[in-house]
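Step one of this worksheet: look at the structure below.
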Amino acid sequence: MTKKSVYSLIAILIVLGIYGYEHFLKVEEKVEIVAEGEEVKQNTNEYFLPTSTTGQIVHHEGYSLSYSEPHEQAEWVAYELKKFHLSNTNFKRPYFEVDKAVKTGAADWRNYKNSGYDRGHLCPAGDRSYSKFVYEETFLTSNISPQDHAFNSGIWNTLEQKIRYWASKYDGVFVVTGGVLKGNMKTIGSERVAVPNQFYKVLIDNNSGKTKMIAFLMPHENSNKPLYEFVVSVDSIEKLTGIDFFPQLDDTLENTLEASSSYKDWSFN
DNA sequence: CTGCGTAAC
DNA sequence: GTTACGCAG
């Protein structure tokens, strides 16, 4: 077989793949869209939602969020990352859109333009690549926060990848993430989108038998330190943000797990 | 993977 | 406004 015919074969396979996607998987999207506006929630997607300090919780298919209008961004974004969500699909990045589900009006993406800051995903696009619909849904302005590029593509990206590793290893984790919207913060754009000085992620694994948690608090700057140096207790993030993370848990269990800053149950290898 | 900016239509 | 492409950490 010549090199040329190999390329041709690959091209044909790709075309067939796209055809199959357009004609079969899209049916699934329509079903999801219908279900979106209703109280249809599966699995634990709602069970582990934190409290909202702003009173505005918005549910999307692939994640839920609590929007803070004064800061023009979410105070938290929460979603479950299951093993089967992980895929190697490579969807084209769409443009960001204003989230119309936010009643007070989500930030316009133009606030970020030439601001010097990334439109940093809170629910990463890489965590919602199991369908085109949920992938594109992460490109809503309610799901982003201004992030320094070196931070976003550096230590923050490393943490996101570690979470995918854990999701695979433990068959799923529930993730809550956001910027700490407190204190003096810079703002960008005409809508004055706040630039958090710290970002956090709180994880709970309720799939491996024994419930376990881990929390990370990172200064908004890149770092070469190992990830475990950013581990803190869930309690400390609750104190910083005013958010109650897992009120659905049995109180005794919640108190014990949230007080701990141990990471012995989480593999960093 | 995480993103940006520029050019052309 | 939308699309395509190259580039960087």
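Both backbone and side-chain heavy atoms feed into the values below; hydrogens, waters and symmetry mates do not. We name chains A, B, ... by the order of the sequence lines, and we start the count at 1 in each one.
Under the side chain to side chain contact (heavy atoms under 4.5 Å, CB included) criterion, Ala259(A) pairs with Asp235(A), sequence neighbours left out. Under the side chain to side chain contact (heavy atoms under 4.5 Å, CB included) criterion, Asn157(A) pairs with Glu160(A), Gln161(A), not counting sequence neighbours. Residues passing the ring-ring contact (aromatic ring centres under 6.0 Å, His included) test with Trp156(A) are Phe151(A), Phe199(A), sequence neighbours excluded. Residues meeting the side chain to side chain donor-acceptor pair (under 3.5 Å) test with Thr211(A), sequence neighbours left out: Asn206(A). Residues passing the ring-ring contact (aromatic ring centres under 6.0 Å, His included) test with Phe96(A) are His121(A), Phe139(A), sequence neighbours excluded. Taking Pro226(A) as the reference, Tyr228(A), Glu229(A) meet the side chain to side chain contact (heavy atoms under 4.5 Å, CB included) condition, with sequence neighbours excluded.
Scanning residues 186-196 of chain A for heavy-atom distances under 4.0 Å to DNA chain C yields an empty list. DNA chain B is contacted by no residue of residues 214-231 of chain A, taking any non-hydrogen atom closer than 4.0 Å.
Among residue pairs with one or both ends in residues 104-118 of chain A, those qualifying as side-chain hydrogen bond (donor to acceptor under 3.5 Å, both in side chains) are Gln56(A)-Thr104(A), Glu69(A)-Thr104(A), Asp108(A)-Arg110(A), Asn111(A)-Glu191(A), Tyr117(A)-Lys186(A), Asp118(A)-His149(A), Asp118(A)-Asn152(A); sequence neighbours excluded. Sorted pairs that involve residues 252-262 of chain A and meet side-chain hydrogen bond (donor to acceptor under 3.5 Å, both in side chains), not counting sequence neighbours, are lacking altogether.
On the nucleic acid side, DNA chain B has its first and last nucleotide under 4.0 Å of a heavy atom of chain A at dC1(B) to dG5(B), going 5' to 3'. Think of the region where chain A sits on DNA chain C: with heavy atoms and a 4.0 Å cut, that region ends 5' and 3' at dG1(C) to dG9(C).
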